[in-house]
Amino acid sequence: MKKTGVLTVMSGFSGAGKGTIVKALLEQYEYFLSISYTTRAPREGEVDGRDYFFVSREEFEKMIRNNEMIEWAEYAGNYYGTPKKAVEDWLAEGKDVILEIEVQGGMQVKALFPNAVLLFVVPPSADELLHRLRTRGTENETQIGLRFEQTVRETRYINDYDFVVLNDKLDKAVATVHGIIESQRTRPIYQKDMIRELSLDLSRLIQESNL
C-alpha cells in the first residue's frame, strides 16, 4: 500500500551533534537525507555532492530567483538551502526524508509543510558545547565566539519546534529521534491511504452482505 513519507527537520546549535545523529540514523535505518547547497568553503574531508553541494553566491542566488529551494538562509556569512524537487519526489514515493538545516530554514519548511516534524538538538551544557566546538578543530576562537552569539539568537526559536532532543549519549539520542519519527505514523495524515482503502472495503462488504 502506498504511504506518505515523513518529513523531518533536524536543527540545533553548532556543535550540538545533529550531524553525528543524522549520520547514525542513515547507517541504521532507511532514511533519505536531502543534500543542501551552500556557498561556504568545504571543510577538510568534505566531498561535494556527499556532504553539501558547494556553489558560488551567484549560482545560489540564481536558484533562489528560480524558486528551486524549499528553504534557504544566510548563516555566518554563507548561504545554505534545500533543493525542492528531490524532497518532493521522495515524499511522494513514500520515503522518509531528513533535512539537517538551520532554524531560519526550519521555519520556512514548517510554513510549506505543516505536517513536517521539527526536532531541535541541544548539548547537555554550555561548557560541553564549547568543548565540542574546540575539539573538532574547524574554527578559531574568534569564529567560535561568533558561533556562540548565533547560538543565543537560535534559542528564541526552540519553542517553535515540536521536540527537543538532548544529545548527551549518542545511542540514546539516535533512538529518541527514530522513535519520534516512527510515532508520526499514527497520525491520520500518514494513514490516509490505509483509511481510504478500509473505507472502500467496508462499503463493499455492506453491499455484498446486504447489511
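Everything quoted here is computed from the prediction, not taken from an experiment. For the numbers below, each heavy atom of this structure counts, side chains included, while hydrogens, waters and symmetry mates do not.
Residues Val109 and Ile101 have side chains in contact (heavy-atom distance under 4.5 Å, counting atoms from C-beta outward). Within the 4.5 Å cutoff, the side chain of Val177 has no heavy atoms near those of the Phe163 side chain. Between Leu99 and Thr8 the shortest side-chain heavy-atom distance does not fall below 4.5 Å. By the 4.5 Å heavy-atom criterion applied to side chains, Ile21 and Met10 are counted as neighbours. When side chains are defined from C-beta on, Val122 counts as touching Phe120, because their heavy atoms get closer than 4.5 Å. Contact check for Val164 versus Ile158: side-chain heavy atoms found under the 4.5 Å cut-off. Glu100 is listed as a side-chain neighbour of Lys18, based on a closest heavy-atom distance under 4.5 Å. Side-chain atoms of Ile180 and Leu119, non-hydrogen and from C-beta on, do get closer than 4.5 Å to each other.
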Verdict with supporting geometry, Tyr80 and Phe60, ring pair (Phe, Tyr, Trp, His ring centres under 6.0 Å): CA-CA 9 Å; Tyr80 296 82; Phe60 197 104; 8.3 Å; no
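The aromatic rings of Tyr29 and His178 lie parallel to each other, with less than 30° between the two planes, well short of the 60° mark.
With respect to the salt-bridge test (charged N to carboxylate O, under 4.0 angstrom), the residues Asp168 and Lys172 do not qualify. A salt bridge is absent between Asp89 and Lys84: the closest approach of a Lys/Arg side-chain nitrogen to an acidic carboxylate oxygen does not fall below 4.0 angstrom.
Side chain to side chain, Thr38 and Tyr79 fail the donor-acceptor criterion of an N or O pair below 3.5 Å.
Taking the ring pair (Phe, Tyr, Trp, His ring centres under 6.0 Å) definition, one finds that Tyr157 meets it with nothing, sequence neighbours left out.
Remark: the backbone N or O of Phe54 is paired with a side-chain donor or acceptor of Asp48 at under 3.5 angstrom. Remark: side-chain polar atoms of Glu46 are paired, donor with acceptor, to backbone N or O of Arg43 under 3.5 angstrom.
The side-chain contact (heavy atoms from CB on, under 4.5 Å) test with Glu74 singles out one residue from Glu102, Gln104, Arg57, and that residue is Arg57.
Residue Lys95 qualifies as enclosed at atom NZ: its count of foreign heavy atoms under 6.0 Å is above 12.
Within the model, atoms CD of Glu61 and OG of Ser56 stand 8.5 Å from one another, a figure rounded to the nearest 0.5 Å.
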